[in-house]
Number of protein chains: 2
Amino acid sequence: MVTIADVAKHAGVAPSTVSYVLTGKRSISPRTRSRVRESIRQLGYHPHAGARAFAGNRANVVALVLPLRPGVHLPAQMRIVTSVVTAARRHDMDVLIMTADQGAEGLRRVAAGARADGFLVMDVELDDVRVPPLREMPQPSVLIGRPAAAKGLVCVDLDFEAAGARCVEHLVGLGHRHVGFLGAPSVVYQRNTGYAQRTMAGFGAAAMRRGIASTALPAEDDYESVLGALRALLRAQPAMTGLVVHNEAALGWVVAGLRALGRKVPEDVAVVAICPDEYAEQRQLTSVQLPAEELGRRAVELLAARLAGVPAPALTLLAPKLSSRASSVPR
Amino acid sequence: MVTIADVAKHAGVAPSTVSYVLTGKRSISPRTRSRVRESIRQLGYHPHAGARAFAGNRANVVALVLPLRPGVHLPAQMRIVTSVVTAARRHDMDVLIMTADQGAEGLRRVAAGARADGFLVMDVELDDVRVPPLREMPQPSVLIGRPAAAKGLVCVDLDFEAAGARCVEHLVGLGHRHVGFLGAPSVVYQRNTGYAQRTMAGFGAAAMRRGIASTALPAEDDYESVLGALRALLRAQPAMTGLVVHNEAALGWVVAGLRALGRKVPEDVAVVAICPDEYAEQRQLTSVQLPAEELGRRAVELLAARLAGVPAPALTLLAPKLSSRASSVPR
DNA sequence: GTGAAAGCGCTAACAG
DNA sequence: CTGTTAGCGCTTTCAC
């Protein structure tokens, strides 16, 4: 194995100099630097990660804690994972994955053993069991999502409130004056799911600001329920020409349901969805998507900043991006 | 920070004794062991991962290399990831993830830096760019899948040949004497995709062994193509009452296609699929699934064995498991 | 701008 | 069955 001492000897410098060339933690004359670089290259030297972690008190590892419930939306999750890994590499860090079953105990083990320098927690729930251990450990963490008690934590999330509002703005921009909101199953709101409530609130507030009529209803995941909700929305607002849907499972039934009620999409009713991009693209729905790549990247950057001693904002909300597709046209 | 020396002092033993209690690498009297254990508990000691990796020449980390092409079948992949993490923990190892974009270079970096003790490579392709670096590095690796040149490598895979045969056995067991095989798009066979070819070969061989008639055809991913292939299969064998489908994308069209040709499933034609379990369950299809959990677990165990110096078999083939559902009935 | 040297916390060989 | 001790390869003071 080729060590830093070998490189030092080969380059005719001290080991510390090689170290400093590598870390850039003190200035090195260009001549020395290039000589060291050349030796590193010639000898094929790669610093030993263990030794480095040990001496430097930095593992150069970020632990990525996967969602508690599997399968929420796998493609989006995978994209977050990928973007986290890519972003982490830019900061010279590798990514350790932890799964739900490792729980709080696993977090403590990894933290206490200094196996990771920081934690990234995906798909955080309002009352998340992983939050308490995060508060106790010396390493910083960044949450993707927003727990109920976020005090003292650093979170990144899509700005769901703005997402709801953005949909209204889009519809208003197209000339619609009566809009509806088809939400998640009522149980989702009952259990205080943060993002669902915020989306609806954003929708309602935007409609109020624009001075237009709005109605909102939850819907279960079956055709009957969706049809019933659509019927109720149309009864409340017979002139409804714009519909915002925040319910992935219902998306499949919405167009058919509207059709059954005598409304064609997009001629009679413009539909805007808030859902993963694949869903929307496949069905050609105008939509606000979950910015998976950016979520992952920003989370890593916030963590890297904290590791570098730069304080991070408690909450980073990503602006929603609306993609206009075939399901919404001017009225 | 609480170190091994603190524990040793607290328990009134030497640091090495604590180490041996932890690793179990030499016998310790029950009294000493329990005293040390108690001190560890009281002091809340967790060994420093970096120091351990450094001194022991063991990072206790396995690198999991994700598939090159994303999205092949995410649920199955996620299940493999989860089972790998779970199994790795049983061997006191954590899991580092590497994504496709890190490529061969990333593998070399992680290997040379001794960041991981071994590599697990998912979804290996016949001519996989990740294979050459694996051969050069000192750490052992286990591949999930089978590359063309597997010489000297350790692989785990579903026994696709047996899977094809198993479907035939199932149909024959139900009394079917004329069976068809609807395969992947022809391009898949053209590019020598190992598992596709092996599945078909297993299907054909089993039919031969049982002395029954069989016909096989590829099918593209659209309804027209599936319908055409089904029509051709029925023309070749008008008495066909059993169909094996190895084409996820086509699955959605098969039942409708058979219906359009006047055959009801399962009364007229029994259908057996080779596909991820979710697909089959959702559509109530009899199927042979990809044993994701077992694949991950076995891969870890093989790697752990190699790390412990036990030579591993070059190829571990997992027996296919058939789940009988509504799409296949006795004739 | 560079070198020398002291550990970091743990493991494993050596000794008893 | 247990204690003593010598590093592992790197970072980081301290010194020049």
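A note on names: the letters A, B, ... follow the listed sequences, proteins ahead of strands, and every chain is numbered from 1. Since we're looking at a predicted model, the values are computed, not measured.
Backbone-only engagement by B:G12 is indicated by non-hydrogen atom pairs under 4.0 Å involving sugar-phosphate atoms exclusively. Across all strands, B:R26 comes closer than 4.0 Å to base atoms (heavy-atom distances). Residue A:V13 is in sugar-phosphate contact alone, with no base atom involved, counting any heavy-atom pair closer than 4.0 Å across all strands shown.
Between A:T3 and the phosphate of D:dG9, there is no side-chain N or O to OP1/OP2 separation shorter than 4.0 Å. Taking side-chain N and O atoms only, A:T17 has no distance below 4.0 Å to OP1 or OP2 of C:dT2. The side chain of A:T32 places an N or O atom within less than 4.0 Å of a non-bridging phosphate oxygen (OP1 or OP2) of C:dT2. The shortest distance between the side-chain N/O atoms of A:Y20 and the OP1/OP2 oxygens of D:dT13 is not below 4.0 Å. Checking the phosphate oxygens (OP1, OP2) of C:dT11, no side-chain nitrogen or oxygen of B:T23 falls inside 4.0 Å. The phosphate of D:dT12 (OP1 or OP2) has a side-chain N or O of A:K25 nearer than 4.0 angstrom. For A:S29 and C:dG1, the shortest distance from a side-chain N or O to OP1 or OP2 is not below 4.0 Å. OP1 and OP2 of C:dA5 both lie 4.0 Å or more from every side-chain N or O belonging to A:S16. Remark: A:R52 is not in phosphate contact with D:dG9, judged by side-chain N or O atoms under 4.0 Å from OP1 or OP2.
The distance between atom OH of B:Y45 and atom P of C:dG9, rounded to the nearest whole Å, is 10 Å. Look at CG on A:L22: it is 16 Å from C1' on C:dT2, rounded to the nearest Å. Between the C1' atom of D:dC10 and the CG atom of A:N60 lies a distance of 12 Å, rounded to the nearest Å. When the P atom of C:dG3 is taken as reference, atom CD1 of A:I4 falls 12 Å away, rounded to whole Å. Separating the CZ atom of A:R115 from the P atom of C:dC10 is a distance of 13 Å, rounded to the nearest angstrom. Across the protein-nucleic acid pair, A:N57 atom CG and C:dG7 atom P stand 15 Å apart, rounded to whole Å. Rounded to a whole Å, the NE2 atom of B:H48 is 14 Å from the P atom of D:dT11. Distance A:R33 CZ to C:dG1 P: 9 Å, rounded to the nearest Å.
Checking A:T32 against A:S29 by side-chain atom types alone, a donor-acceptor pair falls below 3.5 Å.
No salt bridge links B:R35 with B:E38; every basic N to acidic carboxylate O contact stays at or beyond 4.0 Å. Remark: A:E105 does not engage A:R109 in a salt bridge, criterion side-chain N to carboxylate O under 4.0 Å.
Taking the side chain of A:A55 as heavy atoms from C-beta on, and the options C:dC10, C:dA12, C:dG7, the nearest nucleotide is C:dG7. Taking the side chain of B:S27 as heavy atoms from C-beta on, and the options D:dC1, D:dC10, C:dG9, the nearest nucleotide is D:dC1.
In this structure, B:D127 places its CG atom where only 12 or fewer heavy-atom neighbours from other residues, nucleotides or ligands lie under 6.0 Å away.
Shown are B:V81, B:V85, B:V300; of these, the side-chain contact (heavy atoms from CB on, under 4.5 Å) with B:V95 is made only by B:V85. For the pairing with A:R58, the salt bridge (Lys or Arg N to Asp or Glu O under 4.0 Å) check across A:D117, A:D92, A:D94 returns one residue only, A:D117.
Taking for each of A:P15 and B:M1 the nucleotide of DNA chain C with the nearest heavy atom, the 5'-most of the two is the partner of A:P15.
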